[in-house]
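Every number for a ligand or one of its atoms is a count from 1 in the order of the listing.
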Amino acid sequence: MERYDVIVIGGGLVGSAIAYGFSRTRLRVALLDEGDVAFRASRGNFGLVWVQSKGDGAPHYQHWTRRSADEWPALAAELEAKTGIAVGHERPGGVHLCLGDAELEARQAMMERMRAQAGNFGFDYRMLDRNELADVLPGLGPTVSGASWTPYDGHANPLSLLHALHKGFAENGGRYFPNRTVTEVGAASGDFRIQLAGGEISAPKVVLAAGLGNADLAPHFGLSAPVKPLKGQILVTERARHVLPMPITTVRQTVEGSIMLGDSQEDAGFDTSQTPTVIQTIARRAVLSFPWLRDLQIVRAWSALRVMPPDGLPIYDQSERFPGAFTANCHSGVTLAGAHVNLLAPMVAEGALDPALDPLSAKRFGVSAAA
Ligand SMILES: Cc1cc2nc3c(=O)[nH]c(=O)nc-3n(C[C@H](O)[C@H](O)[C@H](O)COP(=O)(O)OP(=O)(O)OC[C@H]3O[C@@H](n4cnc5c(N)ncnc54)[C@H](O)[C@@H]3O)c2cc1C
């Protein structure tokens, strides 16, 4: 039996961020990943490092998201220095476009609520009217009435991020086990055993970061992870000259010049098919925002499943029944990568989650962490 200090189950953005964070210490870390048959949000997302709409009515989530966005520049620089992979992180601020006066009024009310809820932590935002916006973004459609802006938002290449986290983890001595679907586990406080095809591995700590797989795995460890799939579809245009200086909630230009359009939200179970009506809606809204997009060819489109907790906020817990077993679940794994590497991994390594994360326990759904 191979013995590790910690086993991470799930090699998507959440698991690999936490595993990379561990691997920077002297811990011996195993990262187990299901492989190509899995649902993997980390390979099908939009790539925003997004803050401005996170945490209306839940200021603790706004704090966590902002802290993560603040960790991002250092993380991106560290990953590039260590692995040679540029993850394309930029933080020029971001805007949410409003089409028509009703959307603009609703957005302003939400942003003002979030400012009030932030208290001393502050929430720096501006509403831009159409004229101010036109100075920043070229070729606005006639129905664009304005936008909200914050300096906190940015974007990155999520595939490069995933690659860099895996490469950095391996270079730090972490052991990656691909194509290992965890089904059989032995859980006892401080002694977790996982059956793999080649034998058993064990560790005093385990982190469940298997995305949608967490829902089934968690009860084995006395945890609860009531995550469900929420489908999103994305379109990508051919490369264009650089015209968008900052990301927009549903339109962003990559470093390479492609323009990504997204991103829908459909409760469709585990169905990952693409649907023409949704694709049309995405394209229509994008063209209403920027009519010149009509001249660009769509070169790719896909759908992927978000890992969605019931209230949209992350779930972090340590098992009360089996201390040493932790779970991490979220629908913003790109945005939260900074926090997962630099803040969450050290907490788990120390053996306790920061009480600031208590409101993000699954207990808020009326389930015990020791389900
Ligand atoms: C369309 C779309 C757009 C998005 N846009 C953004 C965005 O702009 N910004 C942002 O921050 N987030 C965005 N997200 C969300 C982000 O992609 C997810 O939060 C993130 O990828 C979740 O990562 P994860 O590691 O938890 O899950 P996943 O990527 O699903 O990975 C889970 C991993 O666990 C493994 N696994 C599952 N079960 C088992 C098992 N039993 N044993 C071993 N391994 C297992 C799988 O192989 C997989 O690799 C978007 C998601 C979608 C779908």
Would you please classify the geometry between the Phe177 ring and the Tyr4 ring as parallel, tilted or perpendicular, with 30° and 60° separating the classes?
perpendicular

So does Asp135 have more than 12 non-hydrogen atoms from other groups sitting under 6.0 Å from CG?
yes

Check residues 139-147 and write down every donor-acceptor pair under 3.5 Å in which the side-chain atom is one partner and the other belongs to a residue at least two apart or another chain.
| from | atom 1 | to | atom 2 | distance (Å) |
| --- | --- | --- | --- | --- |
| Ser145 | OG | Cys98 | O | 3.1 |
| Ser145 | OG | Gly100 | N | 3.2 |
| Ser145 | OG | Gly100 | O | 2.7 |

Parallel, tilted or perpendicular: which one describes the rings of Phe322 and Phe192, with boundaries at 30° and 60°?
perpendicular

Contacts under 3.5 angstrom, residues 344-356 side chains, donor-acceptor by atom type, not counting sequence neighbours:
| from | atom 1 | to | atom 2 | distance (Å) |
| --- | --- | --- | --- | --- |
| Asp354 | OD1 | Ala356 | N | 2.8 |

With Asp70 via salt bridge (charged side-chain N to carboxylate O under 4.0 Å, His left out) - residues at least two apart
Arg91

Which protein residues have a heavy atom under 4.0 Å from ligand 1?
Ile9, Gly10, Gly11, Gly12, Leu13, Val14, Leu32, Asp33, Glu34, Gly35, Ala38, Phe39, Arg40, Ala41, Ser42, Gly44, Asn45, Phe46, Gly47, Leu48, Arg180, Thr181, Val182, Ala210, Gly211, Gly213, Leu217, Gly232, Ile234, Asp263, Ala304, Leu305, Arg306, Val307, Cys330, His331, Ser332, Gly333, Val334, Thr335

